[in-house]
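Below: one structure, written as structure tokens.
A quick note: this is a predicted structure, and the numbers were derived from the prediction, not measured.
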Amino acid sequence: MTRALAVMTDQHWGAYPDAAIPADLLPGTRSFCPEARAHAVRNLIRHRRRREQLFGDEVFADPVWDILLDLYASHHEGKNVAVTSLCIAAAVPPTTALRWIKVMTEKGWLVRARDPADGRRVYVGLGADALVRLDLYFAGLPGF
């Protein structure tokens, strides 16, 4: 979640809730680069879209993972993500994406906040627990 969204949802920026800090964020380890992490995740998303082009999206549809990947990359890019953009990133029909966004929000994986400048727009970001889990996941993969 970006700093703006963190402020909008009254969440403390940068704290890891009751979980181990990812190894690549610990002092004395290789430095963590948010831009590099975002770039690597965006490449992963591009590879997923290519796979769907070659084999069909009905076989490889995984909207929950696609939503998490897009929000994780956007978090490290410092960008807010509107619900409409997230529906597109999910690569499924909007009704399906909205249903999954609702489920993930209820689980606490996602947080929603209205845009203070435009009340019609709603931003979605990663909940603190989901951010930690994704950090741990990607910290354990080579090249991330």
Side-chain angles (χ1 to χ4, degrees), residues 1-25 30-144:
M1 154 175 43
T2 65
R3 289 182 193 266
L5 191 54
V7 169
M8 290 166 36
T9 58
D10 295 320
Q11 291 191 359
H12 178 69
W13 177 255
Y16 283 93
D18 300 326
I21 294 176
D24 62 355
L25 299 181
R30 64 184 165 92
S31 62
F32 175 76
C33 177
E35 294 83 13
R37 177 72 55 94
H39 181 72
V41 173
R42 291 287 178 210
N43 279 335
L44 177 61
I45 293 168
R46 278 190 282 284
H47 289 294
R48 290 176 59 76
R49 296 293 86 84
R50 180 72 175 142
R51 180 185 67 182
E52 291 167 1
Q53 289 174 348
L54 295 171
F55 291 98
D57 58 358
E58 66 279 348
V59 178
F60 289 110
D62 190 357
V64 171
W65 190 236
D66 288 328
I67 288 168
L68 289 172
L69 289 176
D70 188 67
L71 289 175
Y72 188 67
S74 295
H75 166 80
H76 287 300
E77 293 164 344
K79 296 179 181 175
N80 287 327
V81 179
V83 169
T84 51
S85 298
L86 196 54
C87 287
I88 294 167
V92 291
T95 53
T96 302
L98 289 169
R99 186 170 51 251
W100 280 114
I101 290 168
K102 180 178 184 248
V103 168
M104 296 167 74
T105 301
E106 289 169 354
K107 289 178 143 312
W109 294 359
L110 306 181
V111 293
R112 298 169 61 117
R114 290 216 175 272
D115 180 350
D118 183 350
R120 298 169 296 175
R121 184 179 10 227
V122 175
Y123 290 120
V124 180
L126 290 171
D129 185 60
L131 178 59
V132 169
R133 290 172 188 271
L134 286 163
D135 280 341
L136 291 169
Y137 176 81
F138 284 108
L141 295 179
F144 283 89

**Message:** Taking side chain to side chain donor-acceptor pair (under 3.5 Å) as the definition, give me every residue that meets it alongside D70, ordered by chain and number, with sequence neighbours left out.
**Reply:** R42

**Request:** Supply the atom-to-atom distance L71 CG to E77 CD, rounded to the nearest 0.5 angstrom.
**Result:** 11.0 Å

**Item:** Option passing side chain to side chain contact (heavy atoms under 4.5 Å, CB included) with Y72 (candidates L44, I45, V41)
**Value:** V41

**Request:** Look at the aromatic rings of W65 and F138 and report parallel, tilted or perpendicular, splitting at 30° and 60°.
**Result:** parallel

**Request:** With rounding to the nearest 0.5 Å, note down the distance linking CG in L86 to CD1 in I67.
**Result:** 5.0 Å

**Request:** Kindly compute the distance separating CG (D66) from SG (C87), expressed to the nearest 0.5 Å.
**Result:** 12.5 Å

**Asked** For D62, what residues pass the side chain to side chain donor-acceptor pair (under 3.5 Å) criterion, not counting sequence neighbours?
**Response** none

Quiz: residues 93-111 side-chain donor-acceptor pairs under 3.5 angstrom, not counting sequence neighbours:
unit_1, atom_1, unit_2, atom_2, d
K102, NZ, E106, OE2, 3.3
T105, OG1, I101, O, 2.7

**Prompt:** So how far is it from L69 CG to L134 CG, rounded to the nearest 0.5 Å?
**Reply:** 7.5 Å

**Fill in**
CG of L136 to CG of L141, rounded to nearest 0.5 Å, is 11.0 Å

**Prompt:** Excluding sequence neighbours, so at least two apart, what forms side chain to side chain donor-acceptor pair (under 3.5 Å) with R51?
**Reply:** none

**Request:** Could you pull out all residues at least two apart from R50 that satisfy salt bridge (charged side-chain N to carboxylate O under 4.0 Å, His left out)?
**Result:** none

**Prompt:** Do you know which two heavy atoms are closest between G119 and R114, and how far apart they sit?
**Reply:** O-NH1, 2.9 Å

**Item:** Distance-only side-chain donor-acceptor flag, N43 / H39, under 3.5 Å
**Value:** yes

